[in-house]
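Remarks on the structure that follows.
Letters A, B, ... mirror the listed sequences (proteins, then strands); counts begin at 1.
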Amino acid sequence: MSGADDFAPRLLAWFDGHGRHDLPWQHPRTPYRVWLSEIMLQQTQVKTATGYFERFVAALPDLPALAAAPLDDVLALWSGLGYYARARNLHAAARRCVDDYGGELPRDLDALTALPGIGRSTAAAILSQAWGERCAILDGNVKRVLSRYHGVEGWPGKPAIEKQLWTLAERHVAHPSLAPARMPDYTQAQMDLGATICTRAKPACVLCPLQSDCVARIEGRTGELPTPRPAKVLPQRSAQVLWLEDAQGRVLLQRRPPTGVWASLWSLPQLDDAEGTDAWWSSHIGTARSEGAALDPIDHAFSHYRLQLHPRRWSGVEPAPRLRDNDALRWLRYDELATLGIPAPVRRLIETARN
DNA sequence: AATGCGGGGAA
DNA sequence: TTCCCAGCATT
């Protein structure tokens with residue numbers, strides 16, 4: 001057997017001295033807190049998620065509390081974190097746990113994976129960290145570490161490559177020296193190595209416990225592995241944003257459609273173009289409208305397109321009958337904005353320009 | 001197999 | 001600027 005077989009014990013020995021032992025979800029490391037952290041950390045860096053995690057568990061300290069909370073409260077706690085389907089799935093999964101599993105997470109890979117928002121890697125992370133089950137994870141860190149360690153070519157997002165990496169991850173987690181009691185540390189160790197040593201750019205190979213057997217290190221190819229995602233040009237879109245204030249200085253928010261970006265979040269009324277704005281104004285207000293005050297455009301980048309928002313502002317708008325609060329429209333005081341899930345750039349616009 | 005889905009950190 | 005991060009669901 002080559003040294004590749006020693007992956008797990010070497011990693012674990014390194015973790016004891018150099019891993020991260022003070023992350024907020026580690027104290028206490030309950031299934032609920034592990035679950036929440038794993039969901040928040042999907043496509044999200046630790047530094048970004050930490051503050052959200054602290055606020056979330058302070059407001060909703062356990063699974064039954066989450067299940068009992070209104071979805072809008074959960075979205076408000078998620079506001080600014082992005083990928084809001086995670087929050088909706090989290091909430092739905094909590095309710096299903098109350099209905100089907102006595103208010104706890106199931107200790108079972110298939111049952112966990114069947115819950116919304118939990119895939120194979122997240123389920124394995126929960127099982128290994130919360131209960132010490134022998135499960136392999138494969139997140140962005142592990143993909144990078146294994147791609148380099150084994151010299152796996154090809155973009156890890158490609159299903160065929162991902163399948164290879166799963167096989168390698170399963171092999172390492174099966175190492176006989178790896179005791180179940182150390183599974184939480186082993187799982188954490190892989191992510192810590194990827195986050196602190198085997199980083200995307202300029203990895204600290206000289207500090208790596210796996211350096212003597214790492215193919216990328218040995219062949220001087222850490223800059224080429226893992227193979228980057230094929231580049232593509234992002235489409236550019238634009239939209240009109242309407243900032244309406246009534247005589248009391250309240251702002252009009254509209255619930256976004258249940259599908260698409262920012263699904264079901266509250267935001268300023270947003271239209272595709274000038275014609276859309278005209279139509280919205282006539283259907284919601286009726287009277288002829290003024291131009292409003294044009295504000296600086298906002299450039300926002302999504303992972304799949306760029307969006308330029310063109311905000312305009314009106315004050316002293318008299319609510320027409322159809323403009324009263326309903327399921328999709330709400331006049332809100334500025335000090336109430338924190339109670340709703342609002343897209344980050346829209347919240348930023350309002351907070352910075354509201355004087 | 002490919003695409004949709006946020007926001008921010010880092011080079 | 002560009003890349004990608006503790007991914008998953010949908011098509």
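Nucleotide dA10(B) holds its P atom 13 Å from the CZ atom of R144(A), rounded to whole Å. When rounded to the nearest whole Å, the span between CD of E162(A) and C1' of dC8(C) equals 11 Å. In this structure, the CH2 atom of W166(A) is 12 Å from the C1' atom of dC8(C), given to the nearest Å. Rounded to an integer number of Å, the gap from NZ of K232(A) to C1' of dT1(C) is 18 Å. In this entry the distance linking CG of D139(A) with P of dC8(C) reads 9 Å, nearest Å.
With respect to the salt-bridge test (charged N to carboxylate O, under 4.0 angstrom), the residues E351(A) and R348(A) do not qualify. The pair E162(A)-K143(A) counts as a salt bridge, with a side-chain nitrogen and a carboxylate oxygen less than 4.0 angstrom apart.
At a cut-off of 3.5 Å, with distance as the only test, no side-chain donor of R256(A) or S264(A) sits close to an acceptor on the other residue.
R88(A) comes within contact range of no nucleotide atom at all, as no heavy-atom separation falls under 4.0 Å. At the heavy-atom level, T48(A) lies under 4.0 Å from the strands shown only through sugar-phosphate atoms.
Side-chain N/O atoms of R229(A) and base N/O atoms of dA2(B) include no donor-acceptor pair closer than 3.5 Å. A donor and an acceptor atom sit less than 3.5 Å apart, one in the side chain of R200(A) and one in the base of dC3(C).
Closest approach to the A201(A) side chain among dA11(B), dG7(B), dG8(B) is made by dA11(B) (side chain taken as heavy atoms from C-beta onward).
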